[in-house]
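Quick notes on the structure that follows.
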Amino acid sequence: MSEDNDISINLNKINDNTWEVPRGYKPGMRVPGRLFLSPPLLNILEQGTLDQVANVAALPGIQKYSMAMPDAHLGYGFPIGGVAAFDREEGVISPGGVGFDINCGVRLIRSNLKESDVRPGITDLLERLFHAVPSGVGSKSRLRVNDDQLDDVFIHGSRWAVENGYGVPNDVERCESQGMMEGALVKQVSTRARQRGRPQLGTLGSGNHFLEIQYVDEIYDTKAADAFGLHEGQITFMIHCGSRGAGHQICTDHLRTLTQAAEKYKIDLPDKQLACAPTDSSEAQNYFGAMVCAANYAWTNRQVIMHWAREVFQDFFRQDMDELGMDLVYDVAHNVAKLETHKIDGKKREVYVHRKGATRAFPPEHSDVPAAYKKVGQPVLIPGSMGTASYVLHGTHDAMDISFGSACHGAGRVMSRAHAKHEFRGEQIQKDLSKMGISVRATQPALIAEEAPGVYKSSSDVVDVVHNLGIARKVARLMPIGVVKG
DNA sequence: ATGTAC
C-alpha cells in the first residue's frame, strides 16, 4: 500500500508540508491551489475541501494561490482554514471567504497566578465565570446598549468598551487592528441585525466558543515568551467567541445581495456559495462596511467578556488588578477580510485578504504589531479543542512570502456534530476530562459530546505544520484546567 | 457559527 491516498494523485508535492493543486485540476482555475498539510493530515483531507480550494482559485483577481491551512475542512463556499487574496482593482469581495461568524476570534490574558493557586477552587471559579458571562444559543447580556451606543460599537470597536469602563487603554493597544477596523458603514446593517446584536454584547454564544483557564506547560522560545509576558507554570485565560447574531445576520443579509450581484456582473461561479462582486462595486463595498461593523462588534464583545472575567478573578482571589496581573497578551480575528499591502512578484500591491478560519501572522517590525512585540512579531493564538493544548506562536517574514501573512486557526473538526452526539455521551466525556485534571462547566451535556476531543484533529499536529513551514513559530503551549462552554 | 427551518 502506498501512503498516498486518492487525493494526492492529482497534487504536486512542493515540500513535506506543501501540496500544489495544479490549474488543470478543475476548469476555470486562474491560479493553482496550495495545501499546507503534513502527509497524515493530507490523508484525512476531505475531497470536498480540496474541491473548494480549487473553486476559490477560479474567482476573479485571485493572487498567487488559493490556500488551505492544515486545519482546513468543508465550509460554506470557501473552506474553513482557507486564505485567498484578491487584487484591489481586478478582484472580488466574498462573504463566503469570511464566514457567518464574522471576526470569530481568540483573546489571551496572562496573570501572576500559579497553577497551584487555581486548582483547589476550580469548580467554584468556573461556576462564577459561567454566571458572569451569559452563554448558550440566544443568550442575552446584562449589558444593554441603545441604537446610538450600538453605532459607536460598530464604528469604534473595543475602544468603546474601554471608554465606558470595560477595561484599560492598554487592552486596545494589545489587539489586532487595535480592536477597530476603519470603514464601518452602519447604514448597511439591517434592522434585524441590530435587533439581534443589541442584547448580545458581552455573551459567549455556543458551539466551539469557550472560556478557558489554562497553565503554561512548555516554553519553546524564551525571548518571545518574555516579550509576551509568559512563563512556565503561569495561569492564563483564553476567550474564544465572535459577533453572535449580529454578524450572522449581516452575513445572511449581504449574501443575498451578493448572489444577485454575481449575476449582474456576470461572474462565472463554480459554486453559488461563492457569491461575490467586484471590489469597487457598491454591493461589495456595502458588504465590506457591514462586515467591519460586525468585526468591531466582536472585538467589543471579547473586551466586555474579559472585563467581567477580570472582575470574577478579583473577587475570587481577593486581589486587585495590579496583583493579579491579568494583562491582555493579544486578540486575533480568524474570520475576516482586510485590505492589506503585500509584495507580489516583487511589487507591492493592495489586496483584500480573506481569512476564514485562519489567523493573521504578521512578522517582526510590521506596523500593525504592538510596540512591545515589535522585535518578535505578532502573537498568533491557536486554541485547542476542549481538553487539548492551545498554542501561542509568533508571526514571521516567511508568512508574508508564503501565505499573505497567515497561519492556521485551531484544530479543525473531523466529525460532524450529529455524528459526535451519536458517538459520545457528554457525561462520560466530562468524567474522562476530569480524570485528566480538566473541569468543564457547560449549559448541557450534549454540547460536551459535540465538542469531545475526538471530534477534532490534534492541535499539536496542525501547529507543527505551520511551525515547520515557518509561517508562524511556536512560543508556548497552554494546557487547560477548566473550561466554560456555551 | 446561528432566535440550529421564512
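Quick caveat, the model's predicted, so the values are computed rather than measured.
- Separating the OH atom of Tyr76(A) from the P atom of dT2(B) is a distance of 18 Å, rounded to the nearest angstrom.
- Counting to the nearest Å, the P atom of dT2(B) and the CG atom of Leu447(A) are 11 Å from each other.
- Sequence neighbours left out, the pairs with a member in residues 69-79 of chain A that pass side-chain hydrogen bond (donor to acceptor under 3.5 Å, both in side chains) are Asp71(A)-His409(A).
- Here Gly207(A) lies in heavy-atom contact (under 4.0 Å) with sugar-phosphate atoms only.
- In this structure, Arg417(A) does not reach the dT4(B) phosphate: none of its side-chain N or O atoms is under 4.0 Å from OP1 or OP2.
- Rounding to whole angstrom units, NE2 of residue His419(A) and P of dT4(B) are separated by 24 Å.
- Residue Thr252(A) is out of contact with every strand shown, counting any heavy-atom pair closer than 4.0 Å.
- Between the NE2 atom of His209(A) and the P atom of dT4(B) there is a distance of 16 Å, rounded to whole Å.
- In terms of position on DNA chain B, the residue among Gln444(A) and Glu451(A) whose nearest nucleotide sits closer to the 5' end is Glu451(A).
- Figure legend: Lys338(A) and Tyr352(A) shown without cation-pi pairing, the cationic atom not lying both under 6.0 angstrom from the six-membered ring centre and within 45 degrees of its axis.
- Atom CZ in Arg256(A) sits about 11 Å away from atom P in dC6(B), given to the nearest Å.
- The residue Gln200(A) sits close only to the backbone: its heavy atoms come under 4.0 Å of sugar-phosphate atoms, none of a base.
- Inspection of the Asp280(A) and Gln285(A) side chains reveals no N or O donor paired with an N or O acceptor under 3.5 Å.
- For the residue pair Arg477(A) / Ser390(A), no side-chain donor-acceptor distance below 3.5 Å is found, with atom types taken as modelled.
- Between the CG atom of Asp253(A) and the P atom of dT2(B) there is a distance of 16 Å, rounded to whole Å.
- Taking atom CG of Asp101(A) as the reference point, atom P of dT2(B) lies 6 Å away to the nearest angstrom.
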Would you tabulate the side-chain donor-acceptor contacts of residues 155-162 of chain A under 3.5 Å, counting partners in other chains and residues two or more places apart, or write 'none'?
from	atom 1	to	atom 2	distance (Å)
His156(A)	ND1	Arg159(A)	NH2	3.3
Arg159(A)	NE	Glu163(A)	OE2	3.3

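- dT2(B) atom C1' lies 16 Å from atom CD of Gln195(A), rounded to whole Å.
- Using a 4.0 Å heavy-atom criterion, one finds that Arg192(A) contacts the bases of the nucleic acid, with or without backbone contacts as well.
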